[in-house]
Amino acid sequence: MHNINYIRENPIEFDNAMKVRGENPISTKILEIDKVKRETQTVLQTLLAERNNISKIIGKLKSNNEDAKEEMLKVDEIKNKINTLKELQQIKENELNSILNRLPNIPHQTVPNGKDENDNVLYREWGSRPNFDFKPKMHYEIGESLGLINFELASKLSGSRFVVLKKQISKLERSISNFMLDKHTEENGYTEYSVPFLVKKDSLFGTGQLPKFDEDLFTAGENHWLIPTAEVPLTNLVREEILNINQLPIRATSFTPCFRSEAGAAGKDTRGMLRQHQFTKVELVSIVEPQHSEEELERMLNCAESILKDLQIHYRVMTLCSGDMGFSANKTYDIEVWLPGENKYREISSCSNCTDFQARRMNSRYKTEDKNTYVHTLNGSGLAVGRTLIAILENYQMEDGNVEIPEILRKYFNNQKTLL
RNA sequence: GGAGAGAUGGCUGAGCGGUUGAAAGCACCGGUCUUGAAAACCGGCAAGGUGGCAACACCUUCCAGAGUUCGAAUCUCUGUCUCUCCGCCA
């Protein structure tokens, strides 16, 4: 949600920011509505003050047993005007909100301008592509030939874009999530949370999934939605809170399933478990003071990267361009892991600074000496577990179809060196 | 699912339809005292908005939404949530 004051004072900058995010210039319209709204409000408030005054007089007259007929007639007159103006003001406010609710965050000045993922810029990379003496297989070929990944069974149960894992691969998934949580809580300073996987509308509005992206979400019953990421419950922990300054920074992590309808991705990545309706993820969320959010984004990125470094898997980090960023983001880094089977880099984490954009929607503030200030919120995958599983299978595969277990995970496997 | 109780400022908690934006306490901030701290005492302390260069004035907000009234934290209706008891159950 945008600060209307900022738009009033910087309409051109605002329109430029929207433009690089693929929106039409709209500040003129916003300010027009805003102007009518405020003018109405000013008149309305004068009338309300008048009404309050007369009512007070009536109160006094009545308590003295005096006649108040004249005053009551006056109020009656004012009341009609008040009702009309109230209605108008409400209409204008709703108009304004329905526009503001759907506009994305302003990009940070260091965000490259661009249209889509082709305009993203390499930020840094780590490691190098592994060499294989044989043709590396795709993760699903590995998993299916071992009989440990099964898509037919999943489709029988739930349809397309689901998967059933079994035995060692199932255990591998579990060990990955344990490793990530251990790392983030023991070394990276995050606090582990277990949170609901079903949330209500307000929470999804707070983080920016609603009202614009409802078709990407699954609903459950009348009033609940399945979370598309733990960012939603974790960030909303501070919704409608006024935090004490000494509570900041908050660094929270959680392991949850994520549910996405993948409405716009028909036909994309249909093979394998790269793009599923349900996957698990360890999420990182930071709530910080505004002046610290830029460095916190770098810190969060490092925390996410530390997982792949420990797993010894090659990756690169991309700075997303303005057109490829998510709705709430001011700046986003994607970590793309190398998948030898696919012979491609694929997104495995996305770390975003949402500045005060979500905080305004959530009304999350902290107390400083003389006023309350919106916090800054950040979120990042640390990492997507399903895709980490894919990365391990493809990077650690052996010619005989077996898979080596990354050293850091062996403690979860009784020091076993390979999957079989 | 059945029966009852409740929702008030950062927290706890008062509140006859009209000087209640809201008592009191805690927390927090400033001061006095003290070598320093604690204690004690004094003072300050809700949020959002509109107008104004500003001082400041005004409006709105006591879970949410409708309603009654000249006037609602206080009365009525609906919804949401919380708690207690009973039943059922992971």
Side-chain angles (χ1 to χ4, degrees), chain A residues 1-9 30-98 100-101 194-206 210-211 219-225 233 236-248 250 257 287 289 356-375:
Chain A
M1 184 78 107
H2 292 285
N3 182 357
I4 185 80
N5 278 321
Y6 175 82
I7 305 176
R8 279 181 204 146
E9 283 157 27
I30 290 174
L31 294 179
E32 230 173 71
I33 299 170
D34 179 53
K35 190 170 166 236
V36 177
K37 192 210 99 182
R38 282 154 77 203
E39 284 169 355
T40 311
Q41 192 169 347
T42 307
V43 180
L44 174 64
Q45 288 185 355
T46 317
L47 290 175
L48 285 171
E50 212 172 311
R51 185 203 63 187
N52 290 346
N53 280 330
I54 300 178
S55 286
K56 264 180 204 162
I57 293 170
I58 293 175
K60 270 182 200 154
L61 289 175
K62 289 217 164 171
S63 66
N64 292 336
N65 274 323
E66 290 179 55
D67 178 66
K69 259 194 190 138
E70 206 176 304
E71 281 73 15
M72 297 192 30
L73 280 174
K74 255 196 239 171
V75 172
D76 235 29
E77 226 176 279
I78 296 175
K79 253 174 118 178
N80 283 327
K81 286 190 205 162
I82 287 178
N83 286 336
T84 320
L85 288 175
K86 244 188 198 161
E87 227 170 278
L88 179 62
Q89 200 235 20
Q90 193 60 53
I91 289 169
K92 289 295 155 189
E93 198 166 326
N94 291 345
E95 268 180 52
L96 196 60
N97 283 337
S98 70
L100 291 177
N101 286 344
S194 294
V195 291
F197 309 149
L198 296 176
V199 293
K200 52 186 187 181
K201 227 178 176 159
D202 299 5
S203 298
L204 289 158
F205 179 84
L210 290 180
T219 57
E222 294 282 292
N223 300 311
H224 290 102
W225 308 66
N236 275 281
L237 289 173
V238 300
R239 191 175 82 228
E240 283 152 51
E241 297 283 340
I242 300 177
L243 302 164
N244 205 304
I245 190 162
N246 58 30
Q247 290 175 265
L248 300 177
I250 293 171
I287 314 290
E289 294 180 66
D356 62 0
F357 187 82
Q358 294 178 324
R360 284 177 188 283
R361 295 177 149 248
M362 297 190 298
N363 206 15
S364 303
R365 294 154 297 169
Y366 73 104
K367 227 174 184 47
T368 48
E369 319 80 56
D370 55 339
K371 59 177 196 243
N372 297 327
T373 312
Y374 289 111
V375 295

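Chain A is the first sequence line, chain B the second, and so forth, proteins listed ahead of strands; every chain is numbered from 1.
Across the protein-nucleic acid pair, A:E240 atom CD and B:A46 atom P stand 21 Å apart, rounded to whole Å. B:C58 atom P lies 23 Å from atom CD of A:E39, rounded to whole Å. The interatomic distance linking A:N363 (CG) with B:A47 (C1') rounds to 9 Å, in whole Å. In this structure, the CG atom of A:N246 is 14 Å from the C1' atom of B:C29, given to the nearest Å. Straight-line distance from the CG atom of A:L248 to the P atom of B:G10: 16 Å, rounded to whole Å. Rounded to whole angstrom, the span from the CG atom of A:N83 across to the P atom of B:G67 amounts to 9 Å. Between the C1' atom of B:G71 and the CG atom of A:L73 lies a distance of 16 Å, rounded to the nearest Å. The NZ-C1' distance, from A:K201 to B:C81, rounds to 18 Å in whole Å.
Closest non-hydrogen pair, A:I33 versus A:K92, comes out as CG2-O, 3.4 Å. Smallest separation of non-hydrogen atoms from A:I287 and A:L248: O-CD2, 3.6 Å. The shortest non-hydrogen separation linking A:R361 to A:L210 is NH1-O, 3.1 Å. Heavy-atom minimum distance, A:S364 versus A:E240: OG-N, 4.0 Å. Heavy-atom minimum distance, A:S203 versus A:R239: OG-NH1, 2.8 Å.
Listed pair A:K79 / B:G71 meets the phosphate criterion, a side-chain N or O lying under 4.0 Å from OP1 or OP2. Residue A:R51 places at least one side-chain N or O closer than 4.0 Å to OP1 or OP2 of B:U60.
In a base pair of the Watson-Crick type (N1 to N3 plus N6-O4 or O6-N4) or a G-U wobble (N1-O2 and O6-N3), with each distance short of 3.5 Å, B:A40 is matched with B:U32. Taking a pair to require two hydrogen-bonding distances under 3.5 Å in either a Watson-Crick or a G-U wobble arrangement, B:A90 remains unpaired. Of the nucleotides present, B:C83 is the one that pairs with B:G4 by Watson-Crick or G-U wobble criteria, both distances under 3.5 Å. With a cut-off of 3.5 Å on both Watson-Crick or G-U wobble distances, the partner of B:C70 is given as B:G18. Across every strand in view, B:C26 sits in a pair with B:G10 that passes the Watson-Crick or G-U test at under 3.5 angstrom. Nucleotide B:C62 forms no Watson-Crick or G-U wobble pair with any nucleotide shown, as no partner meets the under 3.5 Å limit on both distances. Shown here, B:G51 forms a base pair with B:C56; the pair counts as Watson-Crick or G-U wobble because both key distances fall under 3.5 Å.
Listed candidates were B:G51, B:G48, B:C59. Nearest to the side chain of A:R365 is B:G48. Set against B:U50, B:C70, B:G10, the side chain of A:K62 has B:C70 as its closest nucleotide. Side-chain proximity of A:Q41 to B:C70, B:U50, B:A47: nearest is B:U50. Counting only heavy atoms from C-beta on, A:N372 has its side chain closest to B:A47 among B:U50, B:A47, B:C70. Checked against B:U60, B:A47, B:U50, the side chain of A:N52 finds its nearest nucleotide in B:U60. If you check B:C70, B:A46, B:U50 against the side chain of A:S55, the one that comes closest is B:C70.
Remark: the separation of the P atoms in B:G6 and B:C75 is 11 Å, to the nearest Å. Of the C1' atoms belonging to B:A73 and B:G15, the separation is 8 Å, rounded to the nearest Å. Across B:A47 and B:A90, the matching C1' atoms stand 42 Å from one another, rounded to whole Å. Here, B:U68 and B:G13 have their P atoms 34 Å apart, quoted to the whole Å. Distance check on atom P: B:U19 versus B:G4 gives 35 Å, rounded to whole Å. Nucleotides B:C70 and B:G65 place their P atoms 23 Å apart, quoted to the nearest Å. Spacing between B:G49 and B:A54 at atom P, rounded to whole Å, works out to 15 Å. Using C1' as the reference atom, B:C62 and B:A46 are 11 Å apart when rounded to the nearest Å.
Residue contacts for A:R360: at a heavy-atom cut-off of 4.0 Å it reaches no nucleic acid atom on any strand shown. Looking at heavy-atom distances under 4.0 Å, A:I58 makes contact with a base.
Nearest-nucleotide mapping onto RNA chain B: of A:I4 and A:T46, the residue sitting toward the 5' end is A:I4. Closest-nucleotide positions on RNA chain B for A:N244 and A:V75 were compared, and the one nearer the 5' end corresponds to A:N244.
Residue A:Q45 places a side-chain atom within donor-acceptor reach of the base of B:G49, judged by atom type and a 3.5 Å distance cut-off alone.
A donor-acceptor pair under 3.5 Å is formed between the side chain of A:N101 and the backbone N or O of A:N97.
The distance from the NZ atom of A:K37 to the CD1 atom of A:I30 is 12.5 Å, given to the nearest 0.5 Å.
Looking at A:E71 and A:K74, no side-chain N of the basic residue comes within less than 4.0 Å of a carboxylate O on the acidic one, giving no salt bridge.
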